Structure formats: C-alpha cells, structure tokens
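Inspection log for the structure reproduced underneath, given as structure tokens.
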Amino acid sequence: MPSPATYEQRRQTAGLFLLAPSIVVLLAILGYPIVESLLLAFQKVQLAAGGIDRQFVGLANFQRLVADETFRRALLNTLYFAAAEVVLVVLIAFAIALLLNHPFGRAGLFRILLVVPWAIAPVANAVLWKWILNANYGVLNGLLQSLGIIDVYQVWLGTPVSALNFLLLVDVWKSVPFVALLLLAGLQRVPSVLYKAAYMDGASRLQTLMHVTLPSMRAAIAVAVVLQTIWSLRIFDLVFVLTRGGPADATVLLNFLAYRVTFNFLDIGYGAAIANVIFVMTILLAILYIRLVRPAGEAAR
Amino acid sequence: MSYAHHRRGGFSLRLLTGAGLVLFVIWSAAPILWLALSSVLEQRALIARPPDLSPQNLTLSNFITVIGSAAALGRGMLNSLIVALFATLASLALGAPAAYALARLSVPRASAIAFLVLATQMLPSIAIAIPLFLVISRLGLIDNLFSLGVVYLSFNLPIVIWILRNFFLGIPDGLEKAAAIDGAGVIGTFWHIVLPISLPPLGAAAVFAFVEAWNEFFFALILTRQSAQTVPLVIAAFAGQYQTVFGQMMAAALISVVPVILLAVLFRDWIVRGFADGMMKG
Amino acid sequence: MSVLLSRRDMLLAACAAGAAASLPFDTARASEALSVFGPLPPDPAPPGAAKFAEAAFEAWKKAHNAQVSYDLLAWPQLHDRMATAFASGSAPWNVLYMCGWVPEFAAFLAPFADDLPKALVDDLPASSFETVTWQGKRYGAVFTLSLLTLFYNKEHLAEIGFSAAPKNWDEFKRAAKELTRAGRYGFVANYGDPAGIGGTASYWMAFLQQAGGKMYGEDGLPVFKGDAGVAALQMMMDLMPGSDPGSISYAGINDATNVLMAGRASMMMNWPFMWNAAQDPAQSQIVGKLGSAILPAGPAGSASIDGTDAWTVSKTSADPALARQLVEFYLDADVQKRQALDTGWLPIRLSVLADPEVQQKLPNAAVVLEQAKHPYNSFVTPDFNQVTQALGTEVQKALQGQKTAAQAIADASDLVTAIVKRRG
Amino acid sequence: MSPSPSSTPLAIELRGVAKTFGSVPVCRDVDLAIAAGEFVTLLGPSGCGKTTTLNMVAGLEDCTSGDILLAGRRVNELSPVERDVAMVFQNYALYPHMTVAQNIGFTLRMRGTPRAEIDRRVKDVTTALELSHVVDRLPAQLSGGQQQRVAIGRAIVREPRIFLFDEPFSNLDAALRVKMRAEVKQLHRRLGVTSLFVTHDQEEAMSISDRIAVMNRGRVEQFGTPEEIYARPATRYVASFIGNPQIELLSGIVEAHEGGPVVRIGSELVRLASSLNTPAGRSVDIGVRPEHVRLGSGTLAGRVRLVQPVGPSSHVVIEWDGGSLIAAQPGFCRLQPGEPIRAEISAADVMVFDHASGVRLSQGMPRAN
C-alpha cells in the first residue's frame, strides 16, 4: 500500500519527526530557566522571607552596568581572553590534529594522551595548577630556575597581565584536547584522493595544506571556533580557584563577575543582566564567525 | 617517490613531526605527571624548595585513604557513571537524528533552528541555575540522578547536534539517493548509511558528552544533596576552608580519570577510522 | 597519634556520615527528623560528621527519638548551595551552619538563640554573639572560638633575638624585616581573595580595630575613613617589604600556611586550627617549632576578627524546639571538650576553654582565650560579601602600590557607602 | 487513466513535467515517451535539467507540475523503491563502510530477501561482472573501473524494471570509458531492461542509445534516434551540440538567384535546396558539417589555416573572406598552412536554420513560425 508522499515530502516529514524529541527536551528543560533569566535582568531581586522579592525596574540594571568600573574591566578582560583563547586553542589543536593524523602519530597512545588533560576533573585541575604556579613552592618556578631561565621565583599570579595570561594558558591547556579531537575527525574525512591529486599536481605541502586540507575542513573549523568561543566566554572555575578575580580585579572575567554578583552578593537581577550581556556577546560573535567561515556555496543556499 | 613515502615526508618534515610529537607529549603529559607525583608524595615534600623527590617522601597513604573512603569516592564514581552514561547515550540518541534532520532532511529554516538550539548554550549556566533549581525542587527531584542526567542532557544535546550537523552537511548527496533507490527509507538510510560513515564525529561527540557530564561541577553542587553526589563534588571535598588535602585530592582525581581513559581506549577505533575515501562529493 | 592522623579519620567519618544521610527521608518519618547542613571535616563539622562525641550523639538521638541526617559539603561550596536554596524558597534544612552569613539570610532563620538556657549563654563570650545578631535578635550560636592569632616560627624569631612574639606594630614590622633573609620571609598572608571572612578586607579589619577604628556608625554608614582606617592599611603596606611577595597571589589561607609550614616564612596570622596541622610531620617541616601569640597591638591595643562558625535554626523548621535542643547538644560542655580534644577545633564555652586538659592538649587555647579579651568584630552585615569585595580590592591596590593608603581608604569608603545605601 | 490490458504500455512516459527550484525553472514542459526495452539518453550540457529529469523519474525529486508514468501508471507520489528503478550514480555513491558484497547486497537486504538468496544473487552478479576476487574489499580499495562495476552490480542485482544512469562514466579515463560503454550496451542487450541514461558527452550518447533526447535549458529540443539527431537536427542548438568537430554555422541573408535561393557568405554563394522555399531577404544560419565540404575543387577560394590529423581523417580549417570552415579529409592530409585551396559545399547536405528562432528549415516546411 503505497503512501501518497513523495521522496522529498517523506524526508521532510521524517526530518520533523527526528528533530522533534530534541526540541521538546530542550524546551522542557531550558525554556523556562532561559526566559526567566531574561526577565530577571530587568528586575531588582532581593532575598525575603520564604523566597525572593522581585520588582520590575526596567533598564536600571543595565544602566548600572554602564557605570560599573569592575564590569568594564571584566568586559575588556573577557574580550581579550576569548579572542586569545580561540586563536590559540584552534591553532594548537590544529597542529596536534595534523601531528596525530601523520603516520607517525597514529599510535593509539597519543589519542589517549590527548584526552587526559580534558578528562581531569576541573576542580582538581585548577587546584593542581594553583600548586604548579605557586610563587613560593610551585614546581614551575623550580623547573624554570633549575633550567636557568629565571633567577628568582616569580609571582605568576601577582601582576594583572601575568595573572590573566596564566589563566589563559591553563584554560588553553584544558581546552585543546576536545578541539583537537574535533579537528582530527575533520581531517579524517578529507578524501586521500585529494591529497594524491595535489601531490600529482606538484603542490607543496604548504600549498596542499592551504588549498586542500583547510577548505575541506571548513565545517570542522567553524564548529571548533564557535564552540570554543562559547566556552571561552563562559570560563569560570579556573578564576574561582586560581585567582578569585584578583589581584585587585585584574582577572575578573564576565562570567566570574556574574557568579560573584549572583551568588556572593545575592544581587540576582544584576547578575542576570551581566549574564545576558555574555549571552548577547556570544550570539553576536557566533553569528559573525558562522558567516565568516561558511563556505560560499552554503551562503547562496 | 611513492605516495606512501610522500605521506611520511622528507627528512626535515619527519624530524619536524617527531619534534612536534615530543612537544605534544610534554605539553599534555607534564602537568599530569606532576599530578601523579603529587599523589604519591608527602605534602611536606611538595612544599619544599625545590620539591623534594627523594624516596623517603614517597607514600601510598593518599591512595590508601582515598580508596579506604571508598564509600564516598566509589558512590561518587558510580553516580557519575550513571549520569554520564545516561547523558551520553541520550544526547546521541536524540542529537544524532536531530542533527541529521537539520542537515539533510529539508526541515524548513534548518539553519535558524540549529542556531537557536546552540544559542541555548550561550547563556552562562550561572544565569539559569536559580530558575532551574526552582523547577526541579518543585518537582521534588533534587538529589536525584535522573534529574541531574536530564539537565546534563540539555547541556550536551545542543553541542552534539551542532557537531554532528556540520559533519552530516558534508556527506555527498549520492549516498542517500543510492540508499533510497536501494529501498532504504529515511530512517534506514540514517541507520545503515549515515551513522556508520560518521564514526569519528560520533566518537568525538560521545567522548565530549561523557566527559562534560562526568566532570560537571556547578549543577551537581546545587542539584544534589548527598545521595546523588557525583565525583567532582567528592574531589572538591578535599579542598576545605583552611586546608586542602592536596595529595588525596590528586589521588582521587587520578582515580576518577580512569573511566574516561577507558572510554577513550574504547572509542579509539571510532576516533581513528575515517571513511572519507570513496565518498567524494557528487 | 590520633591527633596527628585526625584529618584523615575525619574525612573517613564524613564519608560515613554522607552514606548514612543517603537514606531516604521517608524512612525517618517515624521519629522526629532533623536535617543539618554543614561543612565537611577538616572544617568544623558536627559530631557524627566529624569523629568525636559519637556515643553522646547516639545517646542524644535516642533520648529525643530523633533522626539526624547530615547534608555536608566542602566549606567553599556551602554558601552557593544555601543561596540557591533560599532564593528558590526551598531550603530543606532545620539546622544550618553559618559563617558570617546570618545578617544576609536572617529572613530565613529563627531567632532561637534568645531561648537558649541562661546557664549556657553565661558560659559563652558575650562578644561571640556579635556576628549572629541582626537587628537586635540572636539567630545563632557560635560553637568554636575561632579568632585570628599570630603564629610564628620560634627558631626563626630566636635567631634575631626575639624570645617571644612581637608585642606591637613596631616590633612586628621590625621582626618581619629582619626575618626576611636567606630565602625566607618574615611574614606571609593570603591577600589573594579580597572578600569574606579571612579575605584581605577582614585582615584589614583586624588592623583597623588594633588602630582603634570601627567599620560602621550608629546609622549603619561607614566611618572607617579616618586616621585609624588609614593607619591600619599603612601598617599592612609597611609589612610588605618583610612579606612573601607571593602573598598577593595566595587566594586561600592554605597557600600561605604551606609557606609557613615549609619553614620559609616566620610569622602569619592564622586560625586556631593551624596548630594541629603544623604538628603533623607528613605535611609540616616545623613540627615543634611553632609558637602562637595574640596579635601585635596597634595604637588601641590588640584586636582580631571572628571566624564566626555558628549553628542556626531555619525559620521553616517543623520542630524548632528539637532543632534548638540539637544546637544545645552541640554546645554541651562534654561535647565541646571532645570537639577540642579530638578535632582541634577550640570550644566556645569559657569553662571548657579554661579546662586544664584542653589547655594542655591545645597550647594555643589560652592564647585564643586571651585574644578574646580584645575586640574581634568581623563587622558582618547583609552585604558583607559585597562590602569586603570592594574594600579588599582597594586594600589590594594599595598593597600593590597602585594607591596610597589614604586614597585607597577614601575610595573604599565611597564604594561601601554606595553599597550600604543601595541596600536602603 | 489505466491502459487497456491488451496494449503494451510505455515503460516511461513524461507528460508536461516541469521543475522549479524556488523561482528558478530547471525543467519546463518535458514530454518523453519511452517504450519498454529502449535505451534512451538524455543529452545536454551541465545545467540543462537532464539530471533533474532523471531524479524525477527515479523519485528522488518531486516535479512541480506534470505527470510521470511508469508502465502506464502515474507514479508522482511514489517513492523510489515503489517505482522499482535502479540507478547508477555519477560518483558511484558506493557505501564506503561496506564491502563490495555488502554494497551489492544492500538493496536485497532492505527488501528482506533471505540471507541465502542474497548471497547467491550477489555471487551471480559479482561473477558476471568479474568482481569475484574483490567481494570482501571496501570501495576505497578498488580501482575506478572496479568501483564502476560495483555500482552497476548494485543496480542489476535486484532485476529492476528500469535502469537509470547518471553520468556513470564521467570519472573514468578515456579508454576505460569506451570499454564500460560497450559493457553497458551489452548488458542492456542481454537484460533488455528499459534504460534512461544521462550524459553530456554526445559521442557517448550516440554510441550507446536507441534514442536520444537532447535537452537545452530545461527543455527537450529533439527526441530521436542518433541518426535523426545527427542528420536532421531540429534546431541549430541540436546541430551544434552533436558532431565532432562541431558543425560550422555561417550567418547570411537569403538572396534570389537563378536556379534557386542562395546565401552570400563573403565571396561564396551557398546554394540552398529550392524545396526549402525560403523567401529572399530572410536571415538564416547555414550549418555545414565537416564531411560535407569537399576540398580540391569548387567555387570557394580560400587558404589553409590549420591541419589537424586525428588518425582516420584530418580536419582542415580553411578560411576565406566569408569566414572559416572545417573540412574532414580521409586519411593523412599533407596540406600546409597558408596554402591556397578551393572547396565546395555540398548544397544537398547544407542545413538551414532560421536565424531568429534557430529552427531548421526543412524540405516541405515552407515557413518556420
């Protein structure tokens, strides 16, 4: 008994059928909290007996943001941090993916080693790095001194620029594995016939990389960049353990500030406003990246 | 020069690759090595300057204590395993079909939907913590592994969809058409053709979902009490207000990473195998 | 022996407590059920969670036909879980541990401490109620006398001719300077985290009181923008040349404690719990070398701050009387004594502090008791976190040389005024 | 609608089929009637709508309007499997994770054929296609020709009603392409299954087809046997698409002349068959195929510009004041570039197209449009 739907109609129907469960799950779990947090950003929220007191205050929270020096500092820190992290993570991860895709790097051991930094519980990871970077008994100081690179122990987390960049380093270390895994998956779908063709055409390795590998990996790179941007703008645990935003707010990043305002100051409305700034920033950056990296063909679709 | 030979490269490239791999190993392993050392040394050796690695400071007491307190760590790991397996399997089971639909099944406004799905992950989790807690506590599901797993599912699902969708977009049309001609329906095509040729991204997505759920801290903190505590909370318990029991924390961290490594070993083949050859774009 | 290994034992005990607490609540319905929210050992945990007074605890439960379930969490996470639960209006606990958060959460707490037996209250330092009182009502009872005192390396001080700890600011500064040599530092502190009790701001508050200043006036507005405030900060700045330069980066007190225990710093301000840790050869290189003394006197004498570890009772508690009785049990003289002897956390009851056995086992008990005779206000308010964040950040800037003491204090005063006014 | 049982219905029939993507028309008003057992090719340049037409027959794309009938039954709403068609794809579209045997057997598996029968039929097919020794290999481990055979094997294994080929040889080198062409032709002769074949290679189309539908911009310009298409192209477009080297087209105006109309192209007067009955003054294009230019004598006086030997014959490009022409000479031509030469265009074989519409003016058709 043939059904009256054509191939395309069937595919579309099946598509809606396959998509629906995910959408339902996401809406059911995240729909209310997301809408609620958007609303909270326009409210003054105070703890009161039995719960919270909410009062609609329009744009007051956002006006406060404009005048908030810590917020401005956090915004600049975050922009620097996110930009630097995305670039570093994608470059390092790409290099690692190339290495692991090379016949020398095919050993399974390398792939297992790859995931370990990412698999360490973030709490333990942050505490580990806190010890490594300690100004008095940290092994990094000890190592660099014994190699003759530094004369005296350095307070890595003591000055604004240094502290922020060490946070960056640790987060890059932790973030590279997944992006490398993603790019490795991308590398593995570049048909070897393309490499063979490039070889036959006499393309140099660099040319092959630029004209064969990279274009074939556009999708994987786009995913990596967008996801890493989301994660970089959300970094929190490292700041919480390593520096607590210090010294003197030098390493306050937006998400940590949102946390501090929400959970330490219990200024829930203001915290929601900061969180929404991150939300909007992330969306804008994501759209930008998606447009930049999207293959020409898809743009026309 | 044969092509296989060319793949390996000339002397300088092989040297560069070798050096790169050495660097990669140092970069990945050195901090881990220090973690491992920290777990088997007395704390007084670690705060010495330089760290005192002499054998009399070696101790297994951290591991003995941590394993001795198996009630907490063991239960934490079991909880984490249940939650992470649920979140992983569910996010793949829901996410892969959704990604396929958004990539290839002419769902109207697929790009916009995909972006909205991802946008749910752009709001920092801190912002949704309180409303989410409110809902879950009204449902009486605080300190419940299922509710924690479902929350992780909602965090992993968008990322899984996004990763897989972009890979599915690159599958040549011909394969699906061939499958249709061969008599496979949409679901059959997805199951027999699309999934098997997408093992590397599926492997990456699975490892991602598992690790994220295994290690998630913030929601585990607010959504559990005692019985549903996951392993990151158990590890965090070694860091108190006045003292961090560093060696035990590192020992616990090391133990807790074993399942993830086992997973990586298990999925290694998925991560390695690619079917790019023979599916040139039509 | 049991003292030396106690930190491990306590962790084990905590795990056991966690396992016990995982029993479904329903099975406890038959008898009265109390849910207690508190920190995991080695932070000050209650009997049954930490390993002390277990028999007494069992007996108490039996006598009161009560089930006590513990919801224990690592100390740094306590506030977050509590804040989330309160903000959602669904905090399930009857008895809660608080650490300077009473004014913040006062709306959710019962002023049960007003009903405590007079005999008990009389045995507690009157000033211990300062951090648990809000708008005239007593919401909690501090259960361990946890005041900041000076810890020092006796060997190091002897080397520069100090047979006792520095008595005043001048001696303190001089000692710190002279002790900074041969790869060691005279002083170490954890100035990395500006906020909270034990944060940079609260250290400054100790100095402030030593200089004779206070935080707030009668109207609740800040009054520290005077000589005392500036002098306190200047004192901290003057100590810096004799301090571990890493101090500004140590976000937790254990970062600094480790430096002292490694023998590479000679003095630090720390909490009573430090004593036991420094005698554990597995983690300390200064076993037997540690001395403790009250904080050096400023122009107005010695002064400290309060660690404010207190038990409170939730307003929504089904059986507030039973909850109060549990807190009374925690404050029972015998329980307090076991707490001190078995865990190293000092008692709060004056009679127990004066107990010779306690003083003999914990030599610093006498010092802390002495310190308690001087002011030790932690100036907690509902916006304590926000105030100390702003204040501590300004202090950090001064310590880093970005601002003069006067500038930093003036700026801090403006910031704190704005915060207090916003609260309204 | 249903045909009477006695008549043999057409295997494939397209009635007014059109397809638009968004607002872009890809196929317009395509009519085709293909008899059972016929081998028909859709020929045209890329983008002419031939693959879309094929996909619509296969059921892989919907038609915007019109009807598709297979064996007399309207199948617009039927899925590919219900249409019982098999298809060979341009890049083979072999399943990269399946072995040769699994690739070929997949369609039977999808139909629930018993395992033993699958094995047997796969074995038959792989034997017939000389793939027996590679049945356990993955597609990536095969040569291009072997991949091609697997793709064909996958199509024939289930004995479909119709074969569809979508530029199946475009990835093969020239020699292999010719070989595969012969194999497919033989296969068709052996199985007798109606086949619809898409290519942009006119030579391939000519050599393999019973009939060819030449497509241009979404329309079928002409549907006929290879001979008809070559010798009697319906339009200037068809004429120029078919034949190698291409037909030469020369534009001019019809003049009345003693003995019939002529077109003046430079100094040469090209005589038109009088039966064309073209009025003087009309703008036309003259199409001259290389084999219809005779060298050595004639009225056309020009010079040799280029000589291209292609083996059995040589192509000589001659130019004169009216333009240039290609003449095909049998054998190896020894003319030198620059040499003066005379040529004659065979009046009987000249094709005349209306300049404006491109439609060929043929005998007995006094007027075009």
Side-chain angles (χ1 to χ4, degrees), chain B residues 41-49 52 57 59 61-62 64-66 68-76 79 126 129-138 140 142-143 217-229 233-248, chain C residues 7-8 11-12 14-24 35 37 39-44 69-78 80-81 83-85 87-90 92 99 183 197-198 252-255 257-259 261-264 270-271 273-274 277 280-285 307:
Chain B
L41 284 170
E42 294 283 9
Q43 189 153 318
R44 67 159 189 277
L46 293 172
I47 59 177
R49 187 162 163 178
D52 182 1
N57 286 325
T59 173
S61 68
N62 290 322
I64 292 167
T65 312
V66 166
S69 69
L73 187 64
R75 195 159 43 86
N79 285 344
I126 281 154
I130 291 176
L132 194 60
F133 178 89
L134 195 73
V135 174
I136 292 177
S137 75
R138 294 279 149 85
I142 296 291
D143 205 22
F217 180 75
F218 189 64
F219 283 86
L221 167 65
I222 61 169
L223 295 180
T224 67
R225 299 274 183 251
Q226 297 288 321
S227 62
Q229 253 188 21
L233 283 172
V234 178
I235 292 172
F238 293 98
Q241 182 187 18
Y242 298 119
Q243 259 202 318
T244 296
V245 201
F246 183 61
Q248 291 177 23
Chain C
R7 113 192 117 91
R8 283 160 198 172
L11 210 62
L12 276 172
C15 300
S22 66
L23 292 169
S35 164
F37 182 60
L40 281 167
D43 283 307
S69 64
Y70 281 125
D71 185 5
L72 304 175
L73 199 57
W75 194 94
Q77 281 92 49
L78 288 173
D80 290 356
R81 188 182 279 180
T84 314
S88 317
S90 55
C99 182
I197 294 205
I253 194 160
N254 60 309
D255 301 334
T257 309
N258 287 338
V259 178
M261 293 204 300
R264 280 193 308 278
N270 209 329
W271 307 91
F273 184 74
M274 164 86 199
D280 174 4
Q283 51 179 325
S284 167
Q285 299 184 347

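Not measured: the values here are computed from a predicted model.
Heavy-atom distances place both the backbone and the side chain of B/Ala236 under 4.5 Å from chain C. For a residue to count as touching a neighbouring chain, one of its non-hydrogen atoms must lie under 4.5 Å from one of that chain's; by this rule C/Ala83 does not touch chain B. In this structure, no portion of B/Ile142 lies under 4.5 Å from any heavy atom of chain C. For B/Arg138, the part sitting under 4.5 Å from any heavy atom of chain C is the side chain, from C-beta outward, and nothing else. Proximity to chain B (any heavy atom under 4.5 Å) is restricted, for C/Ser284, to the backbone atoms N, CA, C and O.
Of the possible donor and acceptor atoms, none in the side chain of B/Arg44 sits under 3.5 Å from a partner among the backbone N and O of C/Met261. Between the side chain of C/Arg264 and the backbone N or O of B/Ile47, at least one donor-acceptor pair lies under 3.5 Å. Of the possible polar contacts, one joining the C/Asp43 side chain to the B/Gln241 backbone as a donor-acceptor pair under 3.5 Å is found.
Ranked by heavy-atom pairs under 4.5 Å with chain B, the list C/Pro39, C/Pro44, C/Cys99, C/Pro92 is led by C/Pro92. If you tally non-hydrogen atom pairs under 4.5 Å between each of B/Leu221, B/Leu233, B/Ile222 and chain C, the highest count goes to B/Leu221. Taking chain B as the reference chain and counting heavy-atom pairs below 4.5 Å, the highest number among C/Asp255, C/Ile253, C/Asn258 is found for C/Asn258.
Residues B/Phe217 and C/Gln77 form a side-chain contact, since some pair of their non-hydrogen atoms from C-beta on lies under 4.5 Å apart. Side-chain contact between C/Ser69 and B/Gln226 is absent, with no heavy atoms from C-beta onward closer than 4.5 Å. Residues C/Arg81 and B/Thr224 meet the side-chain proximity criterion, which asks for heavy atoms closer than 4.5 Å.
When all heavy atoms of C/Ala74 and B/Ala239 are compared, the closest pair comes out as CB-O, 3.8 Å. Shortest non-hydrogen contact noted between C/Ser88 and B/Phe133 is OG-CD2, 3.0 Å.
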